[in-house]
Amino acid sequence: MPDYTFYDNVYDVVRLIPKGRVTSYGAIAAYLGSKQSSRIVGYAMMACGTANPPVPAHRVVNRQGLLTGKFHFGGDTMEQMLANEGITVIDNQVQNFKALYWDPAIELSL
DNA sequence: CAAGTGACTCCGG
DNA sequence: CCCGGAGCCACTT
C-alpha cells in the first residue's frame, strides 16, 4: 500500500544518487520543494532501514560534507561504504566534497 | 487531540 | 574563529 509520504520521496531521490557521489540533506529537501525540511530528510534516513530496497544513506551527508549520521550506521560502516565507492573520508569529513557533490535539483533537472 | 523527537541549517555572540 | 541557541517540518507515541 504505497501511502507515499515525504520519506518515500526522499528515499527515491537518495536511490538516484550515482555511485561515488554524495549529496546533502538540504539539497534533497530543496529538490522536494522544502529546503527547510532538511531535518525531515535526516529523519527519513534514520528510518531508511525500513525502506525496500534500502537506500544508500551513506551517500547523504550534511551541508559541510560531514558524516553526521555515521554513528547510526554502526561505527565506521558509513566510511567503509564510501571508501568502497572511491570516496575518501577523513575525520568524518568527505574529502573533495565539492567535486563529489551531487545536487538533485541540478543533475535531475538536466 | 497534543506533545515530543530528530542523520539539519542558519544566525548571533 | 569557535560555540551556542532557535526555527523548521514530518512522523511517532
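Quick note on labels: first sequence line is chain A, next is B, and so on, each numbered from 1.
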- Among A/L16, A/V13, A/D103, A/I40, the one residue meeting side-chain contact (heavy atoms from CB on, under 4.5 Å) with A/I28: A/V13
- Starting at atom CG of A/N62, determine the distance to atom P of B/dG6, rounded to an integer number of angstrom. 18 Å
- Under-3.5 Å donor-acceptor pair between A/R63 side chain and B/dC8 base: no
- Message: Rounding to an integer number of Å, can you tell me how far A/D8 CG sits from C/dC11 P?
- Response: 9 Å
- Message: Between A/H58 and A/L67, is there a side-chain heavy-atom distance shorter than 4.5 Å?
- Response: no
- Query: Do any side-chain nitrogens or oxygens of A/T5 fall under 4.0 Å of OP1 or OP2 in C/dC11?
  - Reply: yes
- Query: Quick one: do A/M81 and A/I87 end up in the same hydrophobic cluster if we chain Ile, Leu, Val, Met, Phe, Trp and Tyr together by side-chain heavy atoms under 4.5 Å apart?
  - Reply: yes
- Query: From the list B/dT9, B/dA7, C/dC11, which nucleotide is the closest neighbour of the side chain of A/Y7?
  - Reply: C/dC11
- Polar pair under 3.5 Å, donor/acceptor by atom type, side chain A/Y43, base C/dA10: no
- Are A/R21 and A/E107 close enough for a salt bridge, meaning some N to O gap below 4.0 Å? no
- Query: Taking atom P of B/dA7 as reference, at what distance in whole Å does atom CE of A/M81 sit?
  - Reply: 17 Å
- Note on the structure: In whole angstroms, the gap separating C1' of B/dC8 from CZ of A/F71 amounts to 16 Å
- Message: Under 4.0 Å, heavy atoms only, any strand: does A/S38 hit a base, just the sugar-phosphate, or nothing?
- Response: base
- Task: Give the minimum heavy-atom separation between A/F6 and A/L32, together with the two atoms involved.
- Result: CE2-CD1, 3.3 Å
- Task: Establish, with yes or no, whether the OP1 or OP2 oxygen of B/dC8 is under 4.0 angstrom from a side-chain nitrogen or oxygen of A/T68.
- Result: yes
- Query: For the pair made of NE2 in A/H72 and C1' in B/dT5, what is the distance, rounded to whole Å?
  - Reply: 12 Å
- Task: Return the nearest nucleotide to the side chain of A/R39; candidates are B/dT9, C/dA10, C/dC8.
- Result: C/dC8
- Query: Once you round it to whole Å, what is the distance between P of B/dG6 and CD1 of A/I40?
  - Reply: 13 Å
- Task: Specify the separation, in whole Å, of atom CG of A/L32 and atom P of C/dC8.
- Result: 19 Å
- Query: In whole angstrom, what separates A/Q36's CD from B/dT9's P?
  - Reply: 13 Å
- Base, sugar-phosphate, or nothing for A/A44, non-hydrogen atoms under 4.0 angstrom? nothing
